[in-house]
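Indexing begins at 1, ligand by ligand and atom by atom, following the structure's order.
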Amino acid sequence: MIELDRVGKAYPTRQGVTHAVGEVSLAIGAGEFVSIVGPSGCGKSTLLNMIAGFLPPTAGEIRVDGQLVNGQVPPKLGYIFQKDTLLPWFSVRKNVALGLKFQGVAPDRIASRVAELLELGHLADFADAYPHQLSGGMRRRVALLMSLAVEPRILLLDEPFGALDTHTKTHLHRELIEIWRKLGQTIVMVTHDLDEAITLSDRVVVLSGPPSRVLLDERIAIPHPRDVFTLRETPQFTAHVQSLWSVLGQQFRAAA
Ligand code: ADP
């Protein structure tokens, strides 16, 4: 569904050119959950922005469903940014409804779809609350529901749970797995948390420092349903941490 063919990105800067993404090739199948990890500054967010059509690559090609992404946002795409994108003056219900409103969906259809989503995200009791009344974890859940409202086939997640504590994150991991298993989107997630990547993904891709290239593309063969609370105690999980860290840790060392 998503193909990156020798994709590169160089940014012109006052000091010269920053080669963020060197040459990245990846093929991501429909319904796959792929995480991207790598040292900071290796172009992970840049890659997501290029897949989303927000930024054009300076080398190579990106195709979604066979169509060249050329600065055009592919249809049915959801994006969750690192920063909170909830509108503070709207209730949870109105925030979740926003995308559907933009699409011109009829009000009664919006009301029923939003109600469904709030059930899915265990937020029905907070429909009329405002963002400042929610915990960090709940706000991230609202952001997820906002992007699910328009029924995306592709979800791009940029460190969606970055600043949360492990307890809250683990609960959100369980919910994200449930939602993904139910709705079957293709998900590409950027994260700096290796445990999170292994817990959620079908594949974890390790990028090198800039200009980045793919160093390791590891299939996570842990079957579903995955129990996010006990997964980390399993030998399979530990083996993945070891093999991924042996490559990622080296990149961190090199960057230091
Ligand atoms: P990551 O998400 O892996 O931390 P980014 O994609 O945010 O990496 O950035 C990769 C590199 O490109 C960094 O060196 C960053 O400073 C640079 N960069 C990102 N956006 C721009 C931009 N708009 N102009 C110039 N340089 C940029």
Enquirer: For ligand 1, which atoms sit closer than 4.0 Å to a heavy atom of K44?
Expert: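 Per the distance check, 1 (P), 2 (O), 3 (O), 4 (O), 6 (O), 8 (O).
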Enquirer: Check ring-ring contact (aromatic ring centres under 6.0 Å, His included) between F229 and all other residues, then give those that pass, not counting sequence neighbours.
Expert: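 Partners of F229 by the ring-ring contact (aromatic ring centres under 6.0 Å, His included) criterion, ordered by chain and then number, come out as H171.
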Enquirer: Quick check, are the ring centers of H173 and F161 under 6.0 angstrom apart?
Expert: yes
Enquirer: Is the closest protein non-hydrogen atom to atom 15 (C) of ligand 1 under 4.0 Å?
Expert: no
Enquirer: Hey, do the aromatic rings of F54 and Y79 have their centres closer than 6.0 Å?
Expert: yes
Enquirer: Indicate the atoms forming the closest heavy-atom contact of K9 with T58, along with that distance.
Expert: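 Nearest pair, atom of K9 first, then T58: CA-OG1, 3.1 Å.
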Enquirer: Might you check, step by step, whether the distance between atom 5 (P) of ligand 1 and some protein heavy atom is under 4.0 Å?
Expert: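 Yes, there is a protein heavy atom closer to it than 4.0 Å.
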Enquirer: Go through ligand 1 atom by atom and flag the ones less than 4.0 Å from a non-hydrogen atom of A20.
Expert: 10 (C), 11 (C), 12 (O)
Enquirer: Any salt bridge (charged side-chain N to carboxylate O under 4.0 Å, His left out) pairs touching residues 170-192, not counting sequence neighbours?
Expert: R141-E175
Enquirer: Below 6.0 angstrom between ring centroids: does that apply to W180 and H224?
Expert: yes
Enquirer: Which heavy atom of the protein is the closest neighbour of atom 7 (O) of ligand 1, given with residue, atom name and distance?
Expert: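 Answer for atom 7 (O) of ligand 1: S45 CB, 3.9 Å.
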Enquirer: Which heavy-atom pair separates S25 from R6 by the least distance, and what is that distance?
Expert: OG-N, 2.9 Å
Enquirer: Return the residue, atom name and 0.1 Å-rounded distance of the protein heavy atom closest to atom 20 (N) of ligand 1.
Expert: Y11 CZ, 3.3 Å
Enquirer: Tell me the protein heavy atom at minimum distance from atom 10 (C) of ligand 1, and give that distance in Å.
Expert: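 Checked against all protein heavy atoms, atom 10 (C) of ligand 1 sits closest to G41 O, 3.3 Å.
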Enquirer: How close does the nearest protein non-hydrogen atom get to atom 8 (O) of ligand 1, and which residue and atom is it?
Expert: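 Here the nearest protein heavy atom works out to G43 N, 3.2 Å.
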Enquirer: Which ligand 1 atoms does C42 reach within 4.0 Å, using its non-hydrogen atoms?
Expert: 3 (O), 8 (O)
Enquirer: Starting from atom 9 (O) of ligand 1, which protein heavy atom do you reach first, and at what distance in Å?
Expert: T46 OG1, 3.9 Å
